Trainee: 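Got a structure here, written out as C-alpha cells. Questions coming.
What you see is a predicted model, and the numbers here were worked out from it, not measured in a lab.
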Amino acid sequence: MTVRVRIAPSPTGDPHVGTAYIALFNYVFAKRHGGQFILRIEDTDRTRSTPESEAAILRALRWVGLSWDEGPDVGGPHGPYRQSERADIYRREVANLVATGASYRCFCTAERLDKLRAEQKGKSNFMGYDGHCRGLDPAVSDARAAAGEPFVVRLAMPKTGETIVVDRLRGEVRFENTQIDDQILLKTDGFPTYHLANVVDDHLMGITHVIRAEEWLTSTPKHVVLYSAFGWTAPEWIHMPLLRNADKSKISKRKNPVSLDYYRAAGFLPEALLNFLGTMGWSIAGDREKFTLQEMIDAFSFDRIRLGGPVFDLVKLSAMNADYLRALDDDGVVARLRQWRLADDYLRSLVPLVRKRIQRLDEFVPLTEFFFSGDVDHAPWLKELVPAHRTATEVSECLLGLVEALDAQRDFSPPALEAMARAFAEKSAWDVKELFMLMRLAATARKATPPLFETLSVLGRDMTRRRLRLCADFLKKSKP
RNA sequence: GACCCCAUCGUCUAGUCCGGCCUAGGACAAUGGCCCUUCAAGCCAUGAACACCGGUUCGAAUCCGGUUGGGGUCGCCA
C-alpha cells in the first residue's frame with residue numbers, strides 16, 4: 001500500500017502558519033515512505049471562500065518550500081481537487097446514505113436550532129441537535145423535499161454504545177455515542193460540510209493517513225461512523241498537537257502573526273521557518289535542532305512526536321533564522337535580499353510615492369526606510385498618538401478596530417483602503433483627519449510620509465496589520 | 001458545563017515505550033565574563049524543570065490510580 005496523505009486548506013483567509021505546520025508533517029511522512037502528498041481545496045463554504053485566498057495559500061505553501069504531487073493547479077488522477085467542483089459527488093454519496101437510513105433529512109429552521117442551543121446552554125450536559133426530524137416518516141420526508149421545503153441531511157449517529165477512534169499517537173480514544181449529535185452532512189445550499197466532503201474525498205482519493213490538527217480529534221468519531229455507513233475502510237488517524245500562543249491557547253492572530261505572508265514580508269527564510277515548525281512537537285535527536293527538509297524526511301517517525309502543545313516562539317524562530325542567514329555566503333545573502341524586497345518590482349512600486357519628494361537620489365533611502373524595516377518603534381510618538389482629548393485605551397481600541405477591518409479587506413488598492421478608512425471613521429465617529437494621522441503614525445512611525453493609502457498599499461496587509469497591532473499593544477502597555 | 005486530549009528549565013525539547021547509565025542533557029531567552037575602538041558575531045560560565053498526592057518496586061521523570069493545572073471540541077466554519 002503506498003502512502004497517500006493530503007493537506008486540505010480552506011480558502012477563507014490568509015495562508016495560515018498552522019497550515020504550513022500540518023502540511024510539513026504530511027509532506028515529510030509521505031516522502032519518508034515514498035508516497036504522495038496531495039493538496040485539496042476545501043471550499044465548501046460558499047460565502048467565505050475566495051479564489052484570492054486559494055491563490056495566496058498555494059503561493060505561500062510553495063514559498064515555504066513544499067510541493068504537492070496532485071492538486072488543483074497541477075492536476076492528478078483523482079481530481080477535481082477543489083471541493084466546490086465535486087458537489088455532485090457528495091450529493092450522490094449522501095443519497096445512498098439517505099436510502100439506507102444511515103442519514104436523514106432535517107427540516108428544522110435555523111431559528112429552532114438557535115432556540116434549542118440557547119435552552120441547552122448551561123442547563124444540559126448535552127449540546128447539539130435533539131433528533132427532532134430523525135423519526136420522520138420517509139414518505140413524509142420525501143414529500144416535503146419534493147414540495148421544495150429546504151432541508152439539510154444529517155448523519156444518524158448510533159444511540160447506544162461507543163465509538164472508538166484509533167489515533168496513531170494516542171492509541172484508542174473512546175466516545176460515548178449518546179453525547180455525539182447528528183452531524184449535518186449536506187447543507188441547505190446543497191454543499192457538503194467538512195465532515196462529509198472530507199470523508200468522501202479521502203476515500204475517493206485513496207488517502208491512507210489523515211494527519212491533521214488535534215482540534216479535529218473530537219469530531220473523528222463522526223467520521224468513523226461515516227466510514228462504516230459507507231462501508232469504507234477508514235484511514236489511519238494522526239492528530240498533531242496544536243501550535244500555541246505564549247499563553248498556551250491555540251495560536252491566533254490576535255496574539256501572534258499567523259499569516260505566512262507576514263513571515264515572508266518580515267524576512268524569515270522559508271527553510272528556517274520549516275526547520276522551526278519541524279521542532280514543534282517533533283525532534284530529530286536529543287541534542288540537535290537544526291535540520292534540512294531532507295534530513296527530516298530521512299529521520300522521520302511518529303514515535304518522536306510529543307503531544308504537549310508547543311508554544312510558537314517568535315524569538316526562537318528569529319534565532320534560528322539568524323543561524324540560517326549566517327550560514328549563507330555574501331552572494332547568498334544578496335540573493336535573499338533580492339528575493340525579499342531589494343528587487344526591481346518593489347523599488348518600482350516605491351518610486352511613484354517619492355519621486356516628487358526627492359531632489360537627489362540619496363534622499364530615497366531615508367525617505368523609504370520604513371518600507372524596509374519590519375517592526376517599527378512607536379515610543380517616540382506617544383504624545384502624537386494620544387492627543388490630549390483621547391485616552392491611550394481609546395486609541396488602542398481604535399487601532400484594533402482598524403486591524404479587524406483590515407483583516408476583512410482583501411482589496412488593498414489605495415482607493416479601496418481609503419473607502420474602508422472613511423467608512424470606519426464614520427462608523428466609529430472619529431474625525432477623518434485624526435484617524436488618518438493615527439494610521440500613518442501607527443503604520444510607519446512617522447508624521448510625514450507619502451500619501452497614506454498608497455503607502456499602506458505598498459506596505460501590504462501583513463506589515464500594516466502587524467504594525468497597527470504592535471502600536472495598539474504599545475499604547476495599552478504605556479498608559480492603561 | 002459535558003466530553004476529549006495533554007503535563008520535564010520562562011520557551012522548544014532529550015530522556016518515558018523496554019524503571020537503575022539522570023547528582024535530568026541540548027537549544028533559545030536571561031545574567032556575568034572573555035574578545036574588541038564601537039556594535040554585533042564568537043567563546044566561557046551561571047541560574048533555571050521531572051505539577052501534586054498516593055501506589056507498585058530493592059529502585060520511578062519513566063509503570064498504575066487520583067488530584068490539580070492547561071488546552072481543544074460542542075456551527076447549515078473548516
Side-chain angles (χ1 to χ4, degrees), chain A residues 8-13 16 18-19 40-49 83 106-110 113-114 116-117 120-129 150-154 162-163 165 167 169-181 183-198 212-222 239-251 275-290 303-323 325-326:
Chain A
S10 176
T12 52
H16 200 277
T19 304
R40 183 173 71 220
I41 295 296
E42 308 232 328
D43 58 348
T44 54
D45 184 338
R46 301 315 296 151
T47 58
R48 293 201 302 154
S49 297
Q83 291 185 329
C106 168
F107 299 90
C108 292
T109 60
L113 296 177
D114 287 346
L116 181 65
R117 253 189 294 275
Q120 287 170 338
K121 182 134 198 191
K123 289 187 196 117
S124 170
N125 284 341
F126 178 80
M127 293 281 296
Y129 186 60
F151 62 86
V152 301
V153 175
R154 286 181 184 273
E162 58 180 15
T163 298
V165 172
D167 179 272
L169 306 175
R170 285 159 256 260
E172 290 187 354
V173 183
R174 314 175 99 89
F175 299 85
E176 287 292 330
N177 290 151
T178 49
Q179 67 198 17
I180 305 172
D181 79 338
Q183 179 61 47
I184 291 180
L185 302 178
L186 210 59
K187 303 181 258 189
T188 311
D189 65 3
F191 278 85
T193 57
Y194 169 85
H195 306 280
L196 204 225
N198 160 262
R212 58 177 19 162
E214 189 181 351
E215 55 190 330
W216 294 108
L217 185 57
T218 49
S219 53
T220 309
K222 293 171 178 174
H239 289 93
M240 294 292 295
L242 254 19
L243 258 22
R244 310 296 183 95
N245 297 312
D247 65 3
K248 302 276 192 184
S249 57
K250 172 165 97 165
I251 197 166
N275 187 164
F276 178 72
L277 289 174
T279 66
M280 299 278 93
W282 185 79
S283 58
I284 194 162
D287 58 350
R288 198 167 155 221
E289 58 177 12
K290 280 196 72 184
D303 297 337
R304 293 193 69 83
I305 287 176
R306 31 171 290 119
L307 296 171
V311 171
F312 188 96
D313 182 4
L314 264 181
V315 174
K316 176 117 185 192
L317 169 58
S318 299
M320 190 166 267
N321 200 65
D323 276 349
L325 220 38
R326 279 173 208 132

Trainee: Rounding to a whole Å, what distance do you find between A:Asp287:CG and B:C22:P?
Mentor: 15 Å
Trainee: In whole angstrom, give me the gap between the P atoms of B:C50 and B:C4.
Mentor: 29 Å
Trainee: Figure out the CG/C1' separation between A:Asn275 and B:C28, and round it to whole Å.
Mentor: 13 Å
Trainee: Using only modelled atom types and a 3.5 angstrom limit, is any donor from either the side chain of A:Lys290 or the base of B:A27 paired with an acceptor on the other?
Mentor: no
Trainee: List for me each residue that meets salt bridge (Lys or Arg N to Asp or Glu O under 4.0 Å) alongside A:Asp313, sequence neighbours excluded, and say none if there are none.
Mentor: none
Trainee: Return the set of residues passing salt bridge (Lys or Arg N to Asp or Glu O under 4.0 Å) with A:Lys187 (not counting sequence neighbours), or none when no residue passes.
Mentor: none
Trainee: Taking the side chain as everything from C-beta on, heavy atoms only, tell me whether A:Glu214 gets closer than 4.5 Å to A:Arg170.
Mentor: yes
Trainee: Both distances under 3.5 Å, Watson-Crick or G-U wobble: report the partner of B:C17, or none.
Mentor: none
Trainee: List in chain and number order the residues that pass ring-ring contact (aromatic ring centres under 6.0 Å, His included) with A:Phe276, two or more places apart in sequence or in another chain; answer none if no residue qualifies.
Mentor: A:Phe312
Trainee: Listed by chain and number, what are the side-chain contact (heavy atoms from CB on, under 4.5 Å) partners of A:Asp247, not counting sequence neighbours?
Mentor: A:Asn245, A:Ser249, A:Lys255
Trainee: Indicate yes or no: at least one non-hydrogen side-chain atom of A:Ser10 is less than 4.5 angstrom from one of A:Tyr194.
Mentor: no
Trainee: Partners of A:Ala246 by side-chain contact (heavy atoms from CB on, under 4.5 Å), sequence neighbours excluded?
Mentor: none
Trainee: Just jot down the ring-ring contact (aromatic ring centres under 6.0 Å, His included) partners of A:His195, sequence neighbours excluded, or say none.
Mentor: A:His223
Trainee: Let me know the distance between CG of A:Leu169 and P of B:A7, rounded to the nearest Å.
Mentor: 12 Å
Trainee: Mind checking salt bridge (Lys or Arg N to Asp or Glu O under 4.0 Å) for A:Glu176 and listing every partner two or more places apart, or none if nothing turns up?
Mentor: none
Trainee: Looking only at the side chain of A:Ser283 (C-beta and beyond, no hydrogens), which of the listed nucleotides B:C28, B:U13, B:U11 gets closest?
Mentor: B:U13
Trainee: Can you tell which of B:C28, B:C4, B:U11 lies closest to the side chain of A:Ala319?
Mentor: B:C28
Trainee: What's the NZ-C1' distance between A:Lys121 and B:C3, to the nearest Å?
Mentor: 16 Å
Trainee: Each nucleotide N or O in nucleotides 71-75 of chain B that has a protein N or O under 3.5 Å away: list the pair and distance.
Mentor:
residue : atom : partner  : partner atom : Å
B:G71   : O4'  : A:Arg244 : NH1          : 3.4
B:G71   : O2'  : A:Arg244 : NH1          : 3.3
B:G71   : O2'  : A:Arg244 : NH2          : 3.3
B:G72   : OP1  : A:Lys250 : N            : 3.1
B:U73   : OP1  : A:Lys250 : NZ           : 2.7
B:U73   : O4'  : A:Thr218 : OG1          : 3.4
B:U73   : O2'  : A:Thr218 : OG1          : 3.2
B:C74   : O2'  : A:Met127 : O            : 2.8
B:G75   : OP2  : A:Arg117 : NH1          : 3.4

Trainee: How long is the line joining CG of A:Asp313 and P of B:U11, in whole Å?
Mentor: 10 Å
Trainee: Ignoring the backbone of A:Val315, work out which of B:A29, B:A27, B:C5 is nearest its side chain.
Mentor: B:A29
Trainee: Applying ring-ring contact (aromatic ring centres under 6.0 Å, His included), can you list everything that pairs with A:Phe151, at least two apart in sequence or on another chain?
Mentor: A:Phe107
Trainee: With a 3.5 Å limit on both atom pairs, tell me what B:A2 is paired to, counting Watson-Crick and G-U wobble, or say none.
Mentor: B:U73
Trainee: Say you pick atom C1' in B:U67 and the same atom in B:U23; how far apart are they, in whole Å?
Mentor: 29 Å
Trainee: Using a 4.0 Å cut-off on protein heavy atoms (strictly under), produce a 5'-to-3' string for nucleotides 16-21 of chain B with B for base contact, S for backbone-only sugar-phosphate contact, and - for none.
Mentor: ------
Trainee: How many whole angstroms separate atom CZ of A:Phe276 from atom C1' of B:C12?
Mentor: 7 Å
Trainee: Find the partner of B:A45: check Watson-Crick (N1-N3 plus N6-O4 or O6-N4) and G-U wobble (N1-O2, O6-N3) distances, both under 3.5 Å, and reply none if neither fits.
Mentor: B:U31
Trainee: State whether A:Lys187 places a side-chain N or O below 4.0 Å from either non-bridging phosphate oxygen (OP1 or OP2) of B:C77.
Mentor: yes
Trainee: Between the protein and nucleotides 49-52 of chain B, which nitrogen or oxygen pairs come in under 3.5 angstrom?
Mentor:
none

Trainee: Over how many whole Å does the gap from A:Leu186 atom CG to B:C76 atom P extend?
Mentor: 13 Å
Trainee: Could you walk me through whether A:Leu169 and A:His239 satisfy the side-chain contact (heavy atoms from CB on, under 4.5 Å) test, starting with their C-alpha distance in whole Å, then the side-chain angles of each, then the deciding distance to 0.1 Å, before giving a yes or no?
Mentor: CA-CA 7 Å; A:Leu169 306 175; A:His239 289 93; 5.7 Å; no
Trainee: Restricting to side-chain hydrogen bond (donor to acceptor under 3.5 Å, both in side chains), what partner residues turn up for A:Arg154, sequence neighbours left out?
Mentor: none
Trainee: Atom CZ of A:Phe175 to atom P of B:C4: distance rounded to whole Å?
Mentor: 7 Å
Trainee: Sort out the partner of B:U56 for me: Watson-Crick or G-U wobble, both distances under 3.5 Å, none otherwise.
Mentor: none
Trainee: If B:U37 has a Watson-Crick or G-U wobble mate with both distances under 3.5 Å, name it; if not, just say none.
Mentor: none
Trainee: Looking only at the side chain of A:Val152 (C-beta and beyond, no hydrogens), which of the listed nucleotides B:A27, B:C76, B:C4 gets closest?
Mentor: B:C76
